[in-house]
Asks: 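Have a look at this one before I ask anything.
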2 protein chains.
Amino acid sequence: MDKDKIDKKDHILDVAERVFSELGFDGASTRTISGEAGVNMAMLNYYFGSKEGLFLAVFKRKIISFQDLLKNIGSDGTTTAWNKIEKYIELYTQRVVTNNCFQKLLYQELSMQRRGELSDQITDILMRNVSEVAKILQDGIKSGEFNKNIDVELVIATIYGTKNFIVNSPQLTSKVLGYDIQNEKLLEEKFKPRIQAYLKTLLRSYLMNEHDNTTK
Amino acid sequence: MDKDKIDKKDHILDVAERVFSELGFDGASTRTISGEAGVNMAMLNYYFGSKEGLFLAVFKRKIISFQDLLKNIGSDGTTTAWNKIEKYIELYTQRVVTNNCFQKLLYQELSMQRRGELSDQITDILMRNVSEVAKILQDGIKSGEFNKNIDVELVIATIYGTKNFIVNSPQLTSKVLGYDIQNEKLLEEKFKPRIQAYLKTLLRSYLMNEHDNTTK
DNA sequence: TTGCATCAATCAATCGATTGATTAATTTTG
DNA sequence: CAAAATTAATCAATCGATTGATTGATGCAA
């Protein structure tokens with residue numbers, strides 16, 4: 001049945017996403033992926049053409065959900081810039097919790113500039129996210145809600161970077177934080193509220209308190 | 001002569017550092033490294049035991065000098081905690097500018113948890129850096145210099161994460177910042193002063209301004 | 001319905017290439 | 001000479017990919 005075929009492809013993509021996330025593109029062999037997915041090696045090439053084709057398929061499937069989520073952010077005209085930032089932090093951290101394997105894979109791949117076409121696609125999509133946040137910040141400056149001297153671009157680097165550091169080096173951060181970042185339950189119950197509260201306090205301090213930031 | 005041997009080893013390490021940085025651990029074959037270094041393949045194993053040993057040697061050479069510098073900052077009893085943080089930011093960003101290829105490699109490797117022993121060793125060494133900063137922060141809290149509600153561990157994640165985000169996804173951040181992060185001259189002249197000023201302002205706001213951070 | 005053809009799906013087996021590592025022979029050095 | 005350094009050649013292992021054979025389901029003709 002056609003449904004079975006789609007389910008199987010989807011299952012392979014699920015497994016591939018996890019294995020790629022854990023081992024990277026090079027480290028994840030087609031044998032490992034097919035083995036863990038419970039399918040014959042040849043099926044990967046049969047369905048996706050090549051290892052790289054499989055990798056791209058994993059990404060494209062996710063990319064679609066990216067773009068849908070994007071539309072709900074920043075378009076609300078009835079609230080303050082700070083409320084938008086808070087809302088964004090909440091949405092963003094939630095997505096990290098539920099997709100942290102993929103998030104890791106995403107920035108892993110982005111940091112290896114090999115496979116140029118793919119890197120360009122990822123960059124373009126992430127740029128839309130970035131532009132959205134930048135717009136919120138700039139609106140907040142214009143309205144006087146935020147300090148006029150803030151470094152918009154580096155604030156964005158802090159939001160994404162703080163999260164990435166934790167997600168992409170779980171071995172290190174688990175040691176630093178004192179609990180296992182890779183445990184889903186702990187991630188949801190302990191990490192999520194903590195980083196949400198932290199990012200809100202950190203950004204409110206920087207964006208809304210008085211300080212001189214003459215150099216830029 | 002003994003000096004020649006050390007020089008040759010050092011030359012291999014130089015080349016290996018560059019090739020690893022460009023291609024990652026997996027992508028860099030021992031043949032490529034030995035070829036570009038102009039030595040026989042077997043010399044890598046002769047000197048460093050294995051590919052992993054070579055990688056570790058590259059890593060250790062880089063990290064040791066930095067750790068000495070860091071310890072000197074932390075142990076200075078004549079200055080404030082904030083001055084130590086400022087000093088650390090300066091030292092750290094300088095390090096990133098002159099070693100950004102290696103910095104990228106470092107966190108690339110850390111984000112792949114494969115090669116357990118290697119990851120563990122990297123984690124241990126980085127933990128020493130982290131602990132040093134944590135100690136400065138905690139001392140600042142005790143002395144009343146910093147807000148008592150700050151999230152020490154996540155502040156560290158912000159310092160390292162902000163930098164990593166920029167260094168590890170240069171394609172994206174170059175677009176965001178408007179200039180090429182991979183250009184050494186621009187990195188030194190534009191990026192370094194900018195991120196130094198930003199991190200100082202950001203952290204001073206969070207660490208020293210009044211704010212409630214009840215949730216943690 | 002029966003018999004035949006078609007086609008996607010799946011499999012074990014194997015391909016050539018490349019990997020990191022090792023050997024044994026050779027050269028250099030002290 | 002003896003030890004250390006260096007080499008070419010080769011090792012077994014693994015990689016991604018491809019092959020030809022087989023399966024089972026489907027459609028169609030008689």
Side-chain angles (χ1 to χ4, degrees), chain A residues 1-59 105 108-109 112 114-118, chain B residues 1-59 105 108-109 112-119 121-122:
Chain A
M1 210 199 290
D2 195 39
K3 191 175 172 295
D4 281 345
K5 179 188 129 192
I6 292 176
D7 283 350
K8 180 161 250 175
K9 283 180 85 166
D10 237 45
H11 171 63
I12 293 175
L13 289 174
D14 286 337
V15 174
E17 182 182 319
R18 181 175 54 77
V19 177
F20 274 135
S21 300
E22 287 170 1
L23 304 174
F25 183 84
D26 292 309
S29 72
T30 55
R31 279 173 179 80
T32 302
I33 294 173
S34 61
E36 295 210 16
V39 301
N40 190 276
M41 247 190 64
M43 297 310 296
L44 301 189
N45 292 295
Y46 180 73
Y47 280 135
F48 306 102
S50 68
K51 186 186 182 182
E52 199 170 314
L54 170 62
F55 191 80
L56 244 131
V58 168
F59 264 98
L105 175 61
Q108 251 176 37
E109 200 38 46
M112 304 236 209
R114 220 162 3 130
R115 285 185 291 290
E117 185 213 350
L118 184 55
Chain B
M1 208 201 294
D2 194 41
K3 190 174 171 298
D4 280 345
K5 181 186 130 194
I6 293 177
D7 283 350
K8 180 163 245 173
K9 282 179 85 167
D10 237 46
H11 174 245
I12 293 175
L13 288 173
D14 286 338
V15 173
E17 181 182 321
R18 179 174 54 77
V19 178
F20 275 136
S21 299
E22 286 169 0
L23 304 174
F25 184 85
D26 291 309
S29 73
T30 54
R31 280 173 179 78
T32 302
I33 295 173
S34 61
E36 295 211 15
V39 302
N40 190 279
M41 245 191 65
M43 297 309 295
L44 302 189
N45 293 293
Y46 181 72
Y47 281 136
F48 306 102
S50 68
K51 187 185 182 184
E52 261 197 33
L54 172 60
F55 185 85
L56 237 123
V58 169
F59 179 71
L105 170 63
Q108 253 176 36
E109 224 15 70
M112 309 211 197
Q113 291 139 289
R114 182 170 31 113
R115 286 185 294 288
E117 189 210 350
L118 182 56
S119 292
Q121 283 189 262
I122 296 176

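Lettering of chains follows the sequences in order, A, B, ..., and the numbering in each one begins at 1. Just the heavy atoms: all of them, side chains too, but no hydrogens, waters or symmetry mates, feed the values below.
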Asks: Test of understanding: with side-chain hydrogen bond (donor to acceptor under 3.5 Å, both in side chains), list the residues that count as partners of B:T32, not counting sequence neighbours.
Replies: B:S29
Asks: Can you check the B:K9 NZ to D:dA4 P distance for me, whole Å?
Replies: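 After rounding, the gap between these two atoms is 14 Å.
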Asks: C:dT10 C1' sits how many Å from A:L44 CG, rounded?
Replies: 12 Å
Asks: For ring pair (Phe, Tyr, Trp, His ring centres under 6.0 Å), just list the numbers for A:F59 and A:F55, CA-CA rounded to whole Å, side-chain angles, deciding distance to a tenth of an Å, and then say yes or no.
Replies: CA-CA 7 Å; A:F59 264 98; A:F55 191 80; 5.0 Å; yes
Asks: N/O contacts under 3.5 Å, protein versus nucleotides 16-20 of chain C?
Replies:
{"from": "C:dG20", "atom 1": "OP1", "to": "B:K51", "atom 2": "NZ", "distance (Å)": "2.5"}
{"from": "C:dG20", "atom 1": "OP2", "to": "B:T30", "atom 2": "N", "distance (Å)": "2.8"}
{"from": "C:dG20", "atom 1": "OP2", "to": "B:T30", "atom 2": "OG1", "distance (Å)": "3.1"}
{"from": "C:dG20", "atom 1": "N7", "to": "B:R31", "atom 2": "NH1", "distance (Å)": "2.9"}
{"from": "C:dG20", "atom 1": "O6", "to": "B:R31", "atom 2": "NH2", "distance (Å)": "2.8"}

Asks: Under the side chain to side chain contact (heavy atoms under 4.5 Å, CB included) rule, collect the residues that match up with B:N40, sequence neighbours excluded.
Replies: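 By the side chain to side chain contact (heavy atoms under 4.5 Å, CB included) rule, B:N40 matches B:A42, B:M43.
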Asks: Find the distance A:K8:NZ to C:dA8:P and express it as a whole number of Å.
Replies: 16 Å
Asks: Quick check: do B:L54 and B:N45 have side-chain heavy atoms less than 4.5 Å from each other?
Replies: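 Answer no - side chains too far apart.
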Asks: Expressed as a whole number of angstroms, how long is the span from B:N40:CG to D:dT7:C1'?
Replies: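 After rounding, the reported distance stands at 5 Å.
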Asks: Measure OH/B:Y46 against C1'/D:dA8 and give the value in whole Å, please.
Replies: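 Interatomic distance, OH of B:Y46 to C1' of D:dA8: 17 Å.
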Asks: Nearest heavy-atom pair of B:L105 and B:G24: which atoms, and what distance?
Replies: CD1-CA, 4.4 Å
Asks: Separation of B:M43 atom CE from D:dA4 atom P, in whole Å?
Replies: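 For the pair B:M43 CE and D:dA4 P, the rounded distance is 13 Å.
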Asks: Can you tell me how far C1' of C:dT10 sits from OH of A:Y47, to the nearest Å?
Replies: 9 Å
Asks: Would you say the side chain of B:F25 lies within less than 4.5 Å of the side chain of B:Q108, judging by non-hydrogen atoms?
Replies: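 The answer is no; the side chains never approach within 4.5 Å.
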